[in-house]
Asks: 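Let me begin by handing over the structure; questions about it come next.
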Amino acid sequence: MNQALEALLDLLDLEQIEEDIFRGVSRSALVPRVFGGQVAAQALVAAGRTVRGDLPQGLGSARVGETPNAHSLHAYFLRPGDPGAPIVYTVDRIRDGRSFTTRRVVAVQHGQPIFHLSASFQTYEDGLEHQAEMPDAPDPETLPTAAETLPRHLPAHVAERLVEARAAVDLRYADVPPWGTVGQPREPRSQVWFRANGKLADDSLLHVCLATYVSDMTLLDSVLLAHGRGGWAVGDVVGASLDHAMWFHRPFRADEWLLYDQESPTASGGRGLGQARIWTQDGRLAVTVIQEGVVRVPR
């Protein structure tokens with residue numbers, strides 16, 4: 001496990017300061033606000049820790065089937081987070097049912113809510129099975145790493161910061177990223193393969209939280225592609241996440257290759273919508289993701 005992944009796991013290992021109240025810190029980001037994927041992942045950690053019953057607290061303690069597993073989350077980004085201040089996560093135990101458990105989490109900084117998440121957990125059960133067919137995608141092992149791709153298309157100082165920010169994850173674009181084709185609109189679809197840069201514990205919550213963290217990295221890229229914009233990395237748009245939803249369909253490991261197949265069906269009113277599916281390398285549909293974000297052209 002590399003140092004960046006260890007640092008990310010430390011970031012997700014929240015401090016419990018009271019029953020159902022947790023505190024997290026932030027890592028530096030490319031923009032002067034907290035990375036949305038970090039807040040969403042930390043909020044899911046806080047929610048998950050309140051559904052574990054008699055199991056030990058913390059990540060790395062529960063296997064699939066031992067405890068209710070997250071099956072969906074719905075979140076709103078309310079205010080930009082301050083990366084220099086701790087974030088307090090307060091969990092409301094909305095419902096503890098026989099099959100489903102529901103939690104609401106509010107993230108607070110400086111006395112104001114910055115993020116709101118509702119998450120639902122389900123104990124494992126058998127049921128009907130079907131899924132869509134996995135799209136074609138190149139073998140991830142044949143694709144260049146982010147450290148190889150980013151310097152080809154971005155100024156050195158920007159590429160260096162992006163590579164550093166994503167060092168916990170091996171993320172590989174199947175095609176040229178949006179900042180590599182500025183001024184050349186193309187189909188609003190993007191594919192990336194990703195996996196954690198190291199072996200993770202056998203904990204379903206940990207793997208779901210890692211996927212939640214990564215899901216906010218590239219989803220709005222497909223919006224940019226339709227307009228030939230390079231995005232926040234080159235400064236030709238201003239953007240921020242507004243809301244985010246995920247459905248976890250089948251167990252998966254975030255330290256094994258996952259295909260993030262993303263597209264944008266629409267953009268209007270200063271907002272862009274991205275929708276995506278995450279597939280395991282052997283073709284199982286693991287996660288569905290939908291996100292809307294602010295996408296404005298600077299005046």
Asks: Apply side chain to side chain contact (heavy atoms under 4.5 Å, CB included) to M246 and S72, showing your working.
Replies: CA-CA 5 Å; M246 302 180 73; S72 67; over 6 Å; no
Asks: Are Q42 and F22 packed together at the side-chain level, in the sense that at least one heavy-atom pair is separated by less than 4.5 angstrom?
Replies: no
Asks: So if you build clusters from Ile, Leu, Val, Met, Phe, Trp, Tyr with side-chain heavy-atom gaps below 4.5 Å, do W247 and L44 land together?
Replies: no
Asks: Could you tell me if the side chain of E256 sits less than 4.5 Å from the side chain of T280, heavy atoms only?
Replies: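 The answer is no; the side chains never approach within 4.5 Å.
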Asks: From C209 SG over to L11 CG, what is the distance, rounded to the nearest 0.5 angstrom?
Replies: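 Rounded to the nearest 0.5 Å, the SG-CG separation comes out at 11.5 Å.
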Asks: Are L259 and F248 connected into the same hydrophobic cluster when the rule is that any two of I, L, V, M, F, W, Y join if their side-chain heavy atoms are below 4.5 Å apart?
Replies: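 Different clusters.
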Asks: So which heavy atom on G183 is nearest to which on P185, and how close?
Replies: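 Answer, listing the atom of G183 first, then P185: O-CD, 3.5 Å.
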Asks: Write down the atom of P140, the atom of R172, and the distance for their closest heavy-atom approach.
Replies: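 For P140 versus R172, the nearest heavy atoms are O-NH1, 3.1 Å.
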Asks: State, yes or no, whether a side-chain contact exists between L285 and R277 at a heavy-atom distance under 4.5 Å.
Replies: yes
Asks: Between V88 and V34, is there a shared hydrophobic cluster once you connect ILVMFWY residues whose side-chain heavy atoms come closer than 4.5 Å?
Replies: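 Looking at the clustering, V34 is in a separate group from V88.
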Asks: Using modelled atom types only, decide if a donor and an acceptor are shared between the side chain of N2 and the backbone of A167 within a distance under 3.5 Å.
Replies: yes
Asks: With a 4.5 Å cut-off on side-chain heavy-atom distances among I, L, V, M, F, W and Y, is there a chain of contacts connecting L258 to L171?
Replies: yes
Asks: How long is the span from the CD1 atom in I21 to the OG1 atom in T90, to the nearest 0.5 Å?
Replies: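 Here the interatomic distance stands at 5.0 Å.
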Asks: For E125 versus S99, what's the shortest heavy-atom pair and its separation?
Replies: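 Smallest interatomic distance, heavy atoms only, reads OE1-OG, 4.1 Å.
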Asks: Rounded at 0.5 Å granularity, tell me how far CD1 in I278 sits from NE2 in H249.
Replies: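 Going from the CD1 atom of I278 to the NE2 atom of H249 covers 9.5 Å.
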Asks: Just wondering, are more than 12 heavy atoms of other shown residues or ligands nearer than 6.0 Å to CD in Q131?
Replies: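 Counting neighbours around CD of Q131, more than 12 heavy atoms of other residues, nucleotides or ligands fall under 6.0 Å, so yes.
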Asks: Taking G272's backbone N and O only, do any of them form a donor-acceptor pair with E292's side chain (distance below 3.5 Å, no angle check)?
Replies: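 Side chain of E292 to backbone of G272, a donor-acceptor pair under 3.5 Å: no, none is there.
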Asks: For the pair R284 (side chain) and W279 (backbone), establish whether a donor and an acceptor sit closer than 3.5 Å, ignoring hydrogens and angles.
Replies: no
Asks: If you compare all heavy atoms of T212 against all heavy atoms of A41, which two are closest, and at what distance to 0.1 Å?
Replies: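 For T212 and A41, the tightest heavy-atom pair comes out as CG2-N, 3.9 Å.
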Asks: Would you say D261's side chain and A276's backbone share a donor-acceptor pair under 3.5 angstrom?
Replies: no
Asks: Taking the basic N atoms (NZ, or NE/NH1/NH2) and the acidic carboxylate oxygens, is any pair closer than 4.0 Å for R189 and D175?
Replies: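 No, R189 and D175 are not salt-bridged.
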Asks: Would you call R103-D96 a salt bridge at under 4.0 Å N-O?
Replies: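 Counted as a salt bridge, because a side-chain N and a carboxylate O are separated by less than 4.0 Å.
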Asks: Would you call R296 and V237 a side-chain contact if the rule is heavy atoms closer than 4.5 Å?
Replies: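 Answer no - side chains too far apart.
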Asks: Can you tell me if T149 uses its side chain to pair, donor with acceptor, with the backbone of A146 under 3.5 Å?
Replies: no
Asks: Start with the C-alpha distance between Y76 and F115, add both sets of side-chain angles, then the distance that settles side chain to side chain contact (heavy atoms under 4.5 Å, CB included), and finish with yes or no.
Replies: CA-CA 6 Å; Y76 284 92; F115 177 83; over 6 Å; no
Asks: For S190 and D221, does a side-chain donor sit closer than 3.5 Å to a side-chain acceptor?
Replies: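 There is no such pair (donor and acceptor under 3.5 Å, judged by atom type) between the side chains of S190 and D221.
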Asks: Mind checking whether V208 and V214 sit in one hydrophobic cluster, side chains of I, L, V, M, F, W, Y counted as touching below 4.5 Å?
Replies: yes
Asks: Of the options V294, L78, V295, which is the one that meets L242 in a side-chain contact (heavy atoms from CB on, under 4.5 Å)?
Replies: V294
Asks: Heavy atoms only: give me the nearest F100-S120 pair and the separation to one decimal.
Replies: CD2-OG, 4.1 Å
Asks: I would like to know whether Q122 and Y124 meet side chain to side chain contact (heavy atoms under 4.5 Å, CB included); could you show each step before the answer?
Replies: CA-CA 6 Å; Q122 180 190 16; Y124 177 80; over 6 Å; no
Asks: Hey, is CD on E141 packed in by over 12 heavy atoms from elsewhere, all under 6.0 Å?
Replies: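 Result for CD/E141: enclosed.
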Asks: Could D20 and R93 be called an ion pair, given the rule that one side-chain N must be under 4.0 Å from one carboxylate O?
Replies: yes
Asks: List the steps, then state whether side chain to side chain contact (heavy atoms under 4.5 Å, CB included) holds for T218 with Y260.
Replies: CA-CA 9 Å; T218 62; Y260 199 11; 3.6 Å; yes
Asks: Do N197 side-chain atoms and L5 backbone N/O form a donor-acceptor pair below 3.5 Å?
Replies: no
Asks: Can you find a side-chain donor-acceptor pair between H244 and D216 that sits under 3.5 Å?
Replies: no
Asks: State whether the side chain of S264 and the backbone N or O of L273 hold a donor-acceptor pair below 3.5 Å, judged by distance alone.
Replies: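 Indeed, once roles are kept as given, a pair shorter than 3.5 Å links the two residues.
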Asks: What's the separation between atom CG in D139 and atom CH2 in W257, rounded to the nearest 0.5 Å?
Replies: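 Going from the CG atom of D139 to the CH2 atom of W257 covers 9.0 Å.
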Asks: Check for a donor-acceptor pair, side chain of R152 on one end and backbone N or O of E148 on the other, with a separation under 3.5 Å.
Replies: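 Side chain of R152 to backbone of E148, a donor-acceptor pair under 3.5 Å: yes, one is there.
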Asks: Just by distance, do the side chain of Q262 and the backbone of S222 share a donor-acceptor pair under 3.5 Å?
Replies: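 The answer is no, because no donor-acceptor pair under 3.5 Å joins these two groups.
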Asks: Taking the side chain as C-beta and beyond, is there a heavy-atom pair between L14 and R49 under 4.5 Å?
Replies: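 Side chain of L14 against side chain of R49, heavy atoms only: contact under 4.5 Å found.
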Asks: Are more than 12 heavy atoms from other residues, nucleotides or ligands located less than 6.0 Å from atom CZ of R79?
Replies: yes
Asks: Is there a side-chain contact between R195 and D255, using heavy atoms and a 4.5 Å cut-off?
Replies: no
Asks: Within a strict 4.5 Å, meaning less than it, do heavy atoms of the P138 and Q191 side chains meet?
Replies: yes
Asks: For D243 versus F77, what's the shortest heavy-atom pair and its separation?
Replies: N-CD1, 4.1 Å
Asks: Can you check whether A254's main-chain N or O pairs, donor with acceptor, with H207's side chain at less than 3.5 Å?
Replies: yes
Asks: Within a strict 4.5 Å, meaning less than it, do heavy atoms of the Y89 and R23 side chains meet?
Replies: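 Result no, sub-4.5 Å side-chain heavy-atom pair not found.
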Asks: Could you list the residues that satisfy salt bridge (charged side-chain N to carboxylate O under 4.0 Å, His left out) with E133, not counting sequence neighbours?
Replies: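 Per chain and number, E133 pairs via salt bridge (charged side-chain N to carboxylate O under 4.0 Å, His left out) with no residue.
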Asks: Please say whether more than 12 non-hydrogen atoms of neighbouring residues, nucleotides or ligands are located less than 6.0 Å from CG in D136.
Replies: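 No, not enclosed.
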